[in-house]
K.L.:
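Mind looking over this structure? Questions follow.
Since the model is a prediction, treat every value here as computed from it, not as a measurement. Letters A, B, ... mirror the listed sequences (proteins, then strands); counts begin at 1.
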Number of protein chains: 2
Amino acid sequence: MSRSHEQPPLDRTPLDEPGFERDLARLAKALGHPARVRILRFLLSRDTCMCGDIVQHLPLAQSTVSQHLKALKDSGLVQGTIAGPRVCYCVDRQVLGRFRDLVGRLQPCLEGDPDCRSPLDQEVEP
Amino acid sequence: MSRSHEQPPLDRTPLDEPGFERDLARLAKALGHPARVRILRFLLSRDTCMCGDIVQHLPLAQSTVSQHLKALKDSGLVQGTIAGPRVCYCVDRQVLGRFRDLVGRLQPCLEGDPDCRSPLDQEVEP
DNA sequence: TCGACTCATCGTGAAATGACGATAGGACGG
DNA sequence: CCGTCCTATCGTCATTTCACGATGAGTCGA
């Protein structure tokens, strides 16, 4: 199909369909709270997994931290596996890399990228 | 100062102080909604500014779009200047670049970056 | 089996967010 | 000046988010 003859694909289409916008928004929303940024940084600092002594590094109650961890898990940025009595969390670097990629794809022309197409034509490739 | 002897700087410190976490969280939160992602993409697609016919490209009421624009302006990602009867919005590519930088700094070791320090030591340089 | 420990979930309440219609204000063009 | 157009803001409402304490479910060590 010759896309260039039609209207750009973002015209009034629903906002919560799978694709670039929804995926980027979900990942960004997951990082849209400083507590979750800190959790991610903490998990990345030990590149091995670490269990919920994350709580020791946050000025929040344990239940609140658990909620933030759930948000991070729902976004896919963090995985949790049961390891005996405790739970072992670790960052899914694939997903984090995808987030970085989506953000970078937002602004392809910042530093004179040669193959710099309009961001409207750039969709996700699953 | 020999930082490595002290406790890591993210220990239970307040979450909303200026710095890496707060800045990244604010920018991420601004992009944490698909409508705002679309607005940013739209503004980037015309690299010249464009006024509020953004509304024509979103399935939302004008007042709602205005709210989202306000959120983007508050985050610094978008600037709005009055141009006659209409308002001219454009992306602050500096801020967007900073966002991209903060996200990239989160995960310095993804592709074997040689100077790969712990993200705990990396703070923002204003 | 019985505690001790770790973590998730529930219930709750305050606050923020997202959406809308209606309204107000400012800048042209007549 | 007066209407018109564009945008911001207001008021409202439903929903979500954030935070907490309390409770529950699970796994080990004793």
K.L.:
What is the distance, to the nearest angstrom, from the CD1 atom on B/I82 to the C1' atom on C/dG26?
P.N.:
8 Å
K.L.:
Expressed in angstrom and rounded to an integer, what is the separation of A/R26 atom CZ from D/dT17 atom P?
P.N.:
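Whole-Å distance recorded here is 11 Å.
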K.L.:
Between the side chains of A/S75 and A/R36, does any donor sit under 3.5 Å from an acceptor?
P.N.:
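There is no such pair between these side chains.
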K.L.:
From CD1 of B/I54 over to P of D/dT7, roughly how many Å is that when rounded to an integer?
P.N.:
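Interatomic distance, CD1 of B/I54 to P of D/dT7: 8 Å.
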K.L.:
Minimum heavy-atom separation for A/L58 and A/I39, please, with both atom names.
P.N.:
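Smallest interatomic distance, heavy atoms only, reads CD1-CG1, 3.6 Å.
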K.L.:
When rounded to the nearest 0.5 angstrom, what distance separates OG in B/S45 from NE2 in B/H57?
P.N.:
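It is 8.0 Å, given to the nearest 0.5 Å.
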K.L.:
Once you measure the plane-to-plane angle for B/F99 and A/F99, does it fall in the parallel (<30°), tilted (30-60°) or perpendicular (>60°) bin?
P.N.:
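Ring orientation, 0 to 90° scale: perpendicular.
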K.L.:
Among D/dA8, C/dT9, C/dA8, find the nucleotide with the atom closest to the side chain of A/K70.
P.N.:
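Side chain of A/K70 sits closest to C/dT9.
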K.L.:
Please report the distance, rounded to the nearest Å, between NZ in B/K73 and P in D/dT7.
P.N.:
11 Å
K.L.:
What's the CG-P distance between B/L58 and D/dT7, to the nearest Å?
P.N.:
13 Å
K.L.:
Restricting both atoms to N or O, compile the protein contacts to nucleotides 18-21 of chain D shorter than 3.5 Å, with distance only.
P.N.:
from   : atom 1 : to    : atom 2 : distance (Å)
D/dC18 : OP2    : A/R36 : NH1    : 3.1
D/dA19 : OP2    : A/H33 : NE2    : 3.3
D/dA19 : OP2    : A/H68 : NE2    : 2.8
D/dA19 : N7     : A/Q67 : NE2    : 3.0
D/dA19 : N6     : A/Q67 : OE1    : 3.4
D/dC20 : OP2    : A/A61 : N      : 2.8
D/dC20 : OP2    : A/T64 : OG1    : 3.1
D/dG21 : N7     : A/S63 : OG     : 3.3
D/dG21 : O6     : A/S63 : OG     : 3.2

K.L.:
Can you confirm whether B/D23 sits close enough to B/L102 that some side-chain heavy atom of one is under 4.5 Å from a side-chain heavy atom of the other?
P.N.:
yes
K.L.:
If I take atom CD1 in residue B/I39 and atom C1' in nucleotide D/dT7, what distance separates them, rounded to the nearest angstrom?
P.N.:
14 Å
K.L.:
Would you kindly give the CD-to-P distance between B/Q79 and D/dT7, to the nearest whole Å?
P.N.:
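Rounded to the whole Å, the gap is 17 Å.
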K.L.:
Might you work through the side chain to side chain contact (heavy atoms under 4.5 Å, CB included) test for B/L15 and B/R22, ending with a clear yes or no?
P.N.:
CA-CA 7 Å; B/L15 286 170; B/R22 197 197 57 157; over 6 Å; no
